[in-house]
Amino acid sequence: MRYRELVASHVASGRLAALATARDQGVSWAVVEEIGSQDRAPYVQYQRIEAEVATGRAVIVSIGLDETLSRAIHRLDEAEIDLATGGLRIGETVGSYLDPVAFAAALQQAMSARPAPPAQA
């Protein structure tokens, strides 16, 4: 259990460092975590997390095999990075896409969408 805590802490620190580097470079979005190689997907699982530097709003991109094990399926999920701790909160699923062009459009839309303002009481 302690090992998992150490790994989670290390990964969270890496996310915060990636956000700080992106902030210093003046970019608005940055890859804060990447597992696998996009070149080897879908036969080797691939995942990356991209986050908006100012807000911590994030998207999780995953590429794996579809249920027939013959085509790549791209999955897109919403997420949020806690800017104080680097912790990741996974949100709603945006969708799964067999067509890379449709996936790229959905990713662009998810990254450009503005979150809804908080509800007022």
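Values in this document were obtained by computation on a predicted structure and should not be read as measured data.
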So do the side chains of M111 and L107 get within less than 4.5 Å of each other, counting heavy atoms only?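 Yes; the side chains approach each other to less than 4.5 Å.
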
Can you find a heavy atom in the side chain of S96 that is under 4.5 Å from one in the side chain of H74?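 A side-chain contact is absent here, since even the closest heavy-atom pair is not under 4.5 Å.
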
Name every donor-acceptor pair, under 3.5 Å, that has one atom in a side chain of residues 97-104 and the other anywhere in the protein, sequence neighbours excluded.
residue : atom : partner : partner atom : Å
D99     : OD1  : V101    : N            : 3.2
D99     : OD2  : A102    : N            : 3.4

So with a 6.0 Å cut-off around CD of Q109, is the heavy-atom count from everything else above 12?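 It does not: Q109 CD has 12 such atoms or fewer within range.
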
Can you sort out the partners of [X] under side chain to side chain contact (heavy atoms under 4.5 Å, CB included), two or more places apart, ordered by chain and number?
{"X": "T21", "result": "Q25"}
{"X": "L83", "result": "L19"}
{"X": "E67", "result": "none"}

I need the minimum non-hydrogen distance between [X] and [Y], along with the two atoms involved.
{"X": "R48", "Y": "V31", "result": "CD-CG2, 4.2 Å"}
{"X": "V32", "Y": "I81", "result": "CG2-CD1, 3.5 Å"}
{"X": "L65", "Y": "S70", "result": "CD2-N, 4.5 Å"}
{"X": "Q45", "Y": "G64", "result": "OE1-CA, 3.9 Å"}

Please identify which of these residues, V94, L88, T93, meets the side chain to side chain contact (heavy atoms under 4.5 Å, CB included) condition with I60.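 Considering V94, L88, T93, a side chain to side chain contact (heavy atoms under 4.5 Å, CB included) with I60 is found only for L88.
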
Tell me which pairs pass salt bridge (charged side-chain N to carboxylate O under 4.0 Å, His left out) where either residue lies in residues 79-94, with sequence neighbours left out.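 For residues 79-94, and leaving out neighbouring residues, the salt bridge (charged side-chain N to carboxylate O under 4.0 Å, His left out) pairs sorted by first residue read E80-R89.
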
For the CD atom of Q47 and the CD atom of E33, what is their distance to the nearest 0.5 Å?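 Interatomic distance, Q47 CD to E33 CD, rounded to 0.5 Å: 6.5 Å.
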
Can a donor-acceptor pair be found, under 3.5 Å and without considering hydrogens, that links the side chain of S9 to the backbone of E5?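 Answer holds: no.
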
Under 3.5 Å, is there a donor-acceptor pair between the side chain of R15 and the main chain of G86?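 Side chain of R15 to backbone of G86: a pair is present.
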
Candidate pair L76 and V61, rule side chain to side chain contact (heavy atoms under 4.5 Å, CB included), full reasoning: CA-CA 5 Å; L76 186 59; V61 173; 4.0 Å; yes

Please list, one pair per line, the donor and acceptor atoms closer than 3.5 Å that link side chains of residues 34-43 to other protein atoms, with sequence neighbours excluded.
residue : atom : partner : partner atom : Å
E34     : OE2  : Y46     : OH           : 2.5
S37     : OG   : D39     : N            : 3.3

